[in-house]
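Okay, structure first, notes after.
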Protein chains: 2
Amino acid sequence: MASRLEKKCKECGLKMTGPRKVILRVLSKSGDHPDVEQLCRRVRKCDPGIGVATVYRTVRLFEEKGIVNKHTFGDGRARFEETGGEHHDHLIDLKSGKIIEFTSREIEKLQEAIARKHGYKLVGHKLDLYCVLRKKK
Amino acid sequence: MASRLEKKCKECGLKMTGPRKVILRVLSKSGDHPDVEQLCRRVRKCDPGIGVATVYRTVRLFEEKGIVNKHTFGDGRARFEETGGEHHDHLIDLKSGKIIEFTSREIEKLQEAIARKHGYKLVGHKLDLYCVLRKKK
DNA sequence: GTACATGCAAATCCTTTGCTTTGCG
DNA sequence: CGCAAAGCAAAGGATTTGCATGTAC
């Protein structure tokens with residue numbers, strides 16, 4: 001039963017190995033933005049033999065193929081999420097580290113306009129909002 | 001002849017040492033977004049004795065004091081620029097690596113509105129546009 | 001069968017730290 | 001002078017890579 005993501009991999013000409021299937025499943029089930037260490041832990045619950053190097057190699061490969069998105073928020077490590085149908089940006093709660101996803105068609109239109117104004121075509125963007133809870137007074 | 005930045009440092013209670021003066025001068029003269037390695041090279045043209053550790057410690061300190069801004073674009077390393085009077089975002093030319101700065105009051109207003117809608121107060125943001133030159137046809 | 005994927009460990013890259021020496025205030 | 005800063009080298013953390021072995025197609 002090849003999942004949607006597995007199909008996508010095949011289309012990209014990727015060999016569907018055991019570790020890759022597990023990593024794909026974990027990614028698609030993760031509602032958050034796990035880093036490699038977290039991915040490893042989750043992946044190893046399915047198959048304890050999977051090594052870090054494989055996870056690194058796999059997410060990198062997936063990123064090149066557009067299957068996952070890589071993020072680098074403030075801290076030093078990379079985080080990953082499945083490339084969903086919808087693009088979205090991130091609001092980061094600086095106190096708790098919680099991440100909220102959002103989209104803004106208006107902002108995106110403005111971005112395109114800015115790129116065009118400088119003679120460029122927008123091919124991607126990254127918008128992170130760093131926030132703290134509003135004090136209710 | 002204490003420069004504007006040096007005054008700012010004194011206000012923050014920072015001891016004005018030789019290395020710090022040099023690093024400040026290099027930062028204020030840099031129109032680009034140098035990483036630590038580049039900073040080191042530039043700084044050592046003035047004073048070859050300055051060590052990497054000092055550069056790292058200094059930029060980190062400056063960042064905490066709000067004297068410089070730290071950026072992490074796609075690649076693994078941090079880049080720095082003097083905190084100018086005006087905040088700005090970045091348009092990155094994916095082919096050449098060139099970085100263009102821009103601001104958009106409209107986008108920023110929208111960002112604040114989004115944060116508010118989620119119950120947050122916006123304290124900072126990061127917006128990078130990844131672009132390629134527009135083909136003229 | 002063959003080219004590509006994996007596991008492991010060593011290697012790399014960027015950044016931080018420990019400790020002694022130096023120097024600003 | 002006293003305490004913070006600098007230099008150097010060693011430590012650390014994340015990610016990559018070399019190599020022998022395993023495996024999807």
Side-chain angles (χ1 to χ4, degrees), chain A residues 1-3 5-26 33-41 43-44 46-65 67-80, chain B residues 1-3 5-26 33-41 43-44 46-65 67-80:
Chain A
M1 56 114 222
S3 71
L5 280 182
E6 285 186 28
K7 285 199 194 89
K8 206 164 169 181
C9 284
K10 294 232 177 92
E11 285 164 20
C12 291
L14 296 186
K15 207 179 269 191
M16 278 315 304
T17 67
R20 286 186 183 168
K21 281 183 195 163
V22 176
I23 294 170
L24 277 180
R25 204 169 323 133
V26 167
H33 303 71
D35 58 33
V36 170
E37 197 192 330
Q38 294 172 307
L39 278 179
C40 258
R41 263 201 300 277
V43 149
R44 281 172 177 159
C46 266
D47 179 351
I50 295 177
V52 223
T54 299
V55 176
Y56 272 105
R57 278 191 277 238
T58 304
V59 289
R60 194 218 259 191
L61 191 61
F62 285 174
E63 204 219 341
E64 286 165 6
K65 299 297 188 184
I67 296 166
V68 303
N69 282 128
K70 178 181 175 181
H71 298 286
T72 52
F73 302 122
D75 51 5
R77 68 202 138 207
R79 300 172 169 277
F80 299 87
Chain B
M1 55 115 223
S3 71
L5 281 182
E6 285 185 29
K7 285 198 195 91
K8 205 164 170 182
C9 283
K10 295 231 177 92
E11 286 165 19
C12 292
L14 296 186
K15 204 180 271 191
M16 278 316 303
T17 68
R20 285 185 183 169
K21 281 182 195 161
V22 176
I23 294 171
L24 277 179
R25 203 170 325 130
V26 167
H33 303 72
D35 58 33
V36 169
E37 197 192 331
Q38 293 171 309
L39 278 178
C40 257
R41 263 201 299 275
V43 148
R44 281 173 177 159
C46 266
D47 177 351
I50 295 177
V52 223
T54 300
V55 176
Y56 272 104
R57 277 191 275 240
T58 305
V59 290
R60 194 219 259 193
L61 191 62
F62 285 174
E63 203 219 342
E64 286 165 5
K65 299 298 188 185
I67 294 166
V68 303
N69 282 126
K70 177 180 175 181
H71 297 286
T72 52
F73 301 121
D75 51 5
R77 68 203 136 208
R79 299 171 169 280
F80 299 87

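Protein chains get the first letters and strands the later ones, always in sequence-line order, with residue 1 at the start of each. Treat the numbers as computed from the prediction; the structure is a model and nothing was measured.
In this structure, the CG atom of A:Leu61 is 15 Å from the C1' atom of D:dA24, given to the nearest Å. Rounded to whole Å, atom C1' of C:dA5 lies 14 Å from atom CG of A:Leu24. Between the CG atom of B:Leu14 and the C1' atom of C:dG25 there is a distance of 14 Å, given to the nearest Å. The separation between A:Asp47 atom CG and C:dG7 atom P is 7 Å, rounded to whole Å. Here C:dC4 presents its P atom at 12 Å from NZ of A:Lys65, a figure rounded to the nearest Å. Distance, A:Arg77 CZ to D:dT16 C1': 18 Å, rounded to whole Å. Atom CZ of B:Arg79 is separated from atom C1' of C:dC14 by 13 Å (rounded to the nearest Å). A straight line from NZ of A:Lys21 to C1' of D:dC25 spans 12 Å, rounded to a whole angstrom.
B:Pro19 and B:Ile50 get closest at one heavy-atom pair: CA-CD1, 3.7 Å. B:Leu14 and B:Arg20 get closest at one heavy-atom pair: CB-NH1, 4.0 Å. For the residue pair B:Lys21 and B:Met16, the shortest heavy atom distance occurs at CG-CE, 3.3 Å.
At least one side-chain nitrogen or oxygen of B:Arg20 sits closer than 4.0 Å to the OP1 or OP2 atom of D:dA5. Side-chain N/O atoms of B:Tyr56 include one lying less than 4.0 angstrom from OP1 or OP2 on C:dT15. Phosphate contact (OP1/OP2 of C:dC4, side-chain N/O of A:Thr17, threshold under 4.0 Å): absent. Put simply, A:Arg60 has a side-chain N or O that comes within less than 4.0 Å of OP1 or OP2 on D:dT17.
Of the inter-residue distances, the one linking B:Arg57 atom CZ with B:Ile23 atom CD1 reads 10.5 Å to the nearest 0.5 angstrom.
Two residues, B:Ala53 and A:Lys70, neighbour DNA chain D, and the one matched to the more 5' nucleotide by heavy-atom proximity is B:Ala53. Both A:Val55 and A:Lys15 lie near DNA chain C, and the one whose nearest nucleotide falls closer to the 5' end is A:Lys15.
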Output side-chain donor-acceptor pairs under 3.5 Å for residues 58-65 of chain B, partner residues at least two apart or in another chain, one line each.
{"from": "B:Thr58", "atom 1": "OG1", "to": "B:Thr54", "atom 2": "O", "distance (Å)": "2.5"}

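Distance from the side chain of A:Val36 is smallest for D:dT15 among the nucleotides D:dT15, C:dT15, D:dC25. In this structure, the nucleotide among C:dT17, C:dT6, D:dA6 sitting nearest to the side chain of A:Thr58 is C:dT6. Distance from the side chain of A:Arg57 is smallest for C:dC8 among the nucleotides D:dA4, C:dC8, C:dA5.
Relative to the axis of its first five pairs, the axis of the last five pairs of the helix from C:dG1-D:dC25 to C:dG25-D:dC1 sits at 40°, rounded to 10 degrees.
Inter-residue side-chain proximity for A:His71 and A:Asn69 is flagged as met; some heavy-atom pair is nearer than 4.5 Å. In this structure the side chain of A:Val36 never reaches within 4.5 angstrom of the side chain of A:Arg77, judged on heavy atoms. Counting only heavy atoms from C-beta outward, the side chains of B:Pro34 and B:Arg79 never approach each other to under 4.5 Å.
Residue contacts for B:Gly49: at a heavy-atom cut-off of 4.0 Å it reaches the sugar-phosphate backbone alone, with no base atom in range.
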